[in-house]
*Asks:* 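Have a look at the structure that comes next, please.
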Amino acid sequence: MTLLLLLIVGCAPLIAEYNLEAYKNATTLKAEVDDVMKLGTEPYQKHAEKVRAIGVKIDAAYEFAAGVPNNQTSAAQWRLMRDRDGGLFGGFVTYWRQNARLSRFVVDADRKTVSRAFDLIICLEANKQKSTSCVGATPGATERNQAPDAAAKGGKNGQPA
């Protein structure tokens, strides 16, 4: 009996199967998030409703991923994307709200980082169906705190003093 149980458990999938809805969520949200992030040089309050709506969609994508059996890796990636204290979209929103508007440097750097993170989410889902290369889909650390000459200009994080 124990041997039968081990064989059954041993044959269980380690990762969830490909899900077209999850793939569509990721590809659609990548474009929508990028469109909202482009607005980061404008006052946050002007776009607060759009930002909130995208946040709700990201939360829904996380809940969807977390509800699929054997999908912990995908759920973890969505959790990072929405983390308000992290280096992806959730952290970008927090930073934007706190600073009212952001420099073009910060917005462009964070857009690249978030885009690469979406590429990883998309690649993971695609690889559930067919093994594909994820070259170029490695997100780096956020460049938000690496604005050139911020200290020399008397500003913080690339913002003018």
Side-chain angles (χ1 to χ4, degrees), residues 15-68 70-148 150 155-160:
I15 194 163
E17 292 183 17
Y18 173 78
N19 185 297
L20 181 59
E21 186 173 348
Y23 184 82
K24 285 181 180 179
N25 280 343
T27 55
T28 301
L29 279 170
K30 178 182 179 183
E32 290 179 8
V33 163
D34 190 60
D35 279 348
V36 167
M37 291 180 75
K38 288 176 187 175
L39 303 172
T41 58
E42 298 177 18
Y44 174 82
Q45 279 308 119
K46 181 177 178 183
H47 304 290
E49 188 55 37
K50 287 180 191 174
V51 173
R52 188 196 68 72
I54 292 293
V56 168
K57 289 181 178 183
I58 289 174
D59 288 346
Y62 165 75
E63 294 298 336
F64 180 86
V68 174
N70 301 316
N71 208 32
Q72 295 85 351
T73 303
S74 291
Q77 290 177 323
W78 283 109
R79 189 177 324 105
L80 291 171
M81 183 63 71
R82 73 185 198 152
D83 180 3
R84 289 183 175 95
D85 296 321
L88 297 175
F89 184 70
F92 173 84
V93 170
T94 298
Y95 189 70
W96 186 11
R97 188 178 320 119
Q98 291 170 346
N99 291 279
R101 65 174 63 196
L102 305 174
S103 70
R104 173 60 48 203
F105 174 84
V106 169
V107 169
D108 289 347
D110 282 7
R111 284 179 55 218
K112 288 177 190 172
T113 301
V114 170
S115 177
R116 284 180 284 200
F118 268 108
D119 289 345
L120 282 174
I121 293 171
I122 292 164
C123 188
L124 174 63
E125 195 59 43
N127 273 296
K128 292 176 184 177
Q129 182 178 33
K130 178 184 175 191
S131 183
T132 60
S133 174
C134 294
V135 174
T138 306
T142 181
E143 298 171 26
R144 187 177 306 128
N145 295 322
Q146 299 173 11
K156 181 178 179 185
N157 299 323
Q159 297 295 317

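Each residue takes its place number in the sequence, starting with 1.
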*Asks:* From L120 CG over to N127 CG, what is the distance, rounded to the nearest 0.5 angstrom?
*Replies:*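 Those atoms lie 10.5 Å apart.
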*Asks:* To the nearest 0.5 Å, what is the distance between CG (D35) and CZ (R111)?
*Replies:*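 Here the rounded value is 8.5 Å.
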*Asks:* Drop me the distance from Y23's OH to I121's CD1, to the nearest 0.5 angstrom.
*Replies:*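 Those atoms lie 13.0 Å apart.
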*Asks:* Taking the side chain as everything from C-beta on, heavy atoms only, tell me whether V93 gets closer than 4.5 Å to Y44.
*Replies:*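 Yes, close enough: below the 4.5 Å cut-off.
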*Asks:* Got M81 and V114 here, is their nearest side-chain heavy-atom distance under 4.5 Å?
*Replies:* yes
*Asks:* Not counting sequence neighbours, which residues clear salt bridge (charged side-chain N to carboxylate O under 4.0 Å, His left out) with R79? List them please.
*Replies:*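 Scan of R79 (salt bridge (charged side-chain N to carboxylate O under 4.0 Å, His left out), adjacent residues dropped) gives none.
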*Asks:* Has R97 got more than 12 heavy atoms of other residues, nucleotides or ligands less than 6.0 Å from its CZ?
*Replies:* yes
*Asks:* Specify the closest pair of heavy atoms between A26 and I122, including all atoms of both residues, with the distance to one decimal.
*Replies:*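 Looks like CB-CG1, 3.6 Å.
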*Asks:* Rounded to the nearest 0.5 Å, what separates atom OG1 in T28 from atom CZ in F118?
*Replies:* 10.0 Å
*Asks:* Would you call R116-D119 a salt bridge at under 4.0 Å N-O?
*Replies:*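 No, this pair does not count.
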*Asks:* Which residue pairs satisfy the side chain to side chain donor-acceptor pair (under 3.5 Å) criterion with at least one member in residues 47-67, sequence neighbours excluded?
*Replies:* E32-K57, E42-H47, E49-R52, D59-R82
*Asks:* So which heavy atom on G87 is nearest to which on T113, and how close?
*Replies:*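 Looks like O-CG2, 4.0 Å.
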*Asks:* What's the separation between atom CG in L29 and atom CD1 in I54, rounded to the nearest 0.5 Å?
*Replies:*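 It comes to 6.0 Å.
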*Asks:* Does any part of the side chain of V33, heavy atoms only, come nearer than 4.5 Å to the side chain of F92, both counted from C-beta?
*Replies:*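 Counting from C-beta outward, F92 and V33 never come under 4.5 Å.
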*Asks:* Please check if the side chain of D34 supplies one atom and the backbone of K30 the other of a donor-acceptor pair under 3.5 Å.
*Replies:*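 No, the answer is negative, given that no donor and acceptor are paired below the 3.5 Å cut-off.
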*Asks:* Are more than 12 heavy atoms from other residues, nucleotides or ligands located less than 6.0 Å from atom CZ of F64?
*Replies:* yes
*Asks:* Taking C-beta and beyond as the side chain, do W96 and D110 meet within less than 4.5 Å on heavy atoms?
*Replies:*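 Answer no - side chains too far apart.
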*Asks:* Ignoring hydrogens and angles, tell me if any N or O in the side chain of T27 forms a donor-acceptor pair with the backbone of K24 under 3.5 Å.
*Replies:* yes
*Asks:* Side chains of N71 and K128: does their closest heavy-atom pair fall under 4.5 Å?
*Replies:*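 They are in side-chain contact.
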*Asks:* Mark yes or no for whether Q77, through its side chain, and A117, through its backbone, hold a donor-acceptor pair below 3.5 Å.
*Replies:*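 Between the backbone of A117 and the side chain of Q77 there is no qualifying donor-acceptor contact (under 3.5 Å).
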*Asks:* Whether the side chain of S74 engages the backbone of A65 through a donor-acceptor N/O pair (distance < 3.5 Å, no angle test) should be reported.
*Replies:*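 Not confirmed, S74 side chain does not pair with A65 backbone.
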*Asks:* If you take all heavy atoms of V107 and K38, which pair is closest and at what distance?
*Replies:* CG1-CA, 4.2 Å
*Asks:* Taking all atoms of both residues into account, what is the closest heavy-atom pair of E21 and N19, and its distance?
*Replies:*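 Answer, listing the atom of E21 first, then N19: N-OD1, 2.9 Å.
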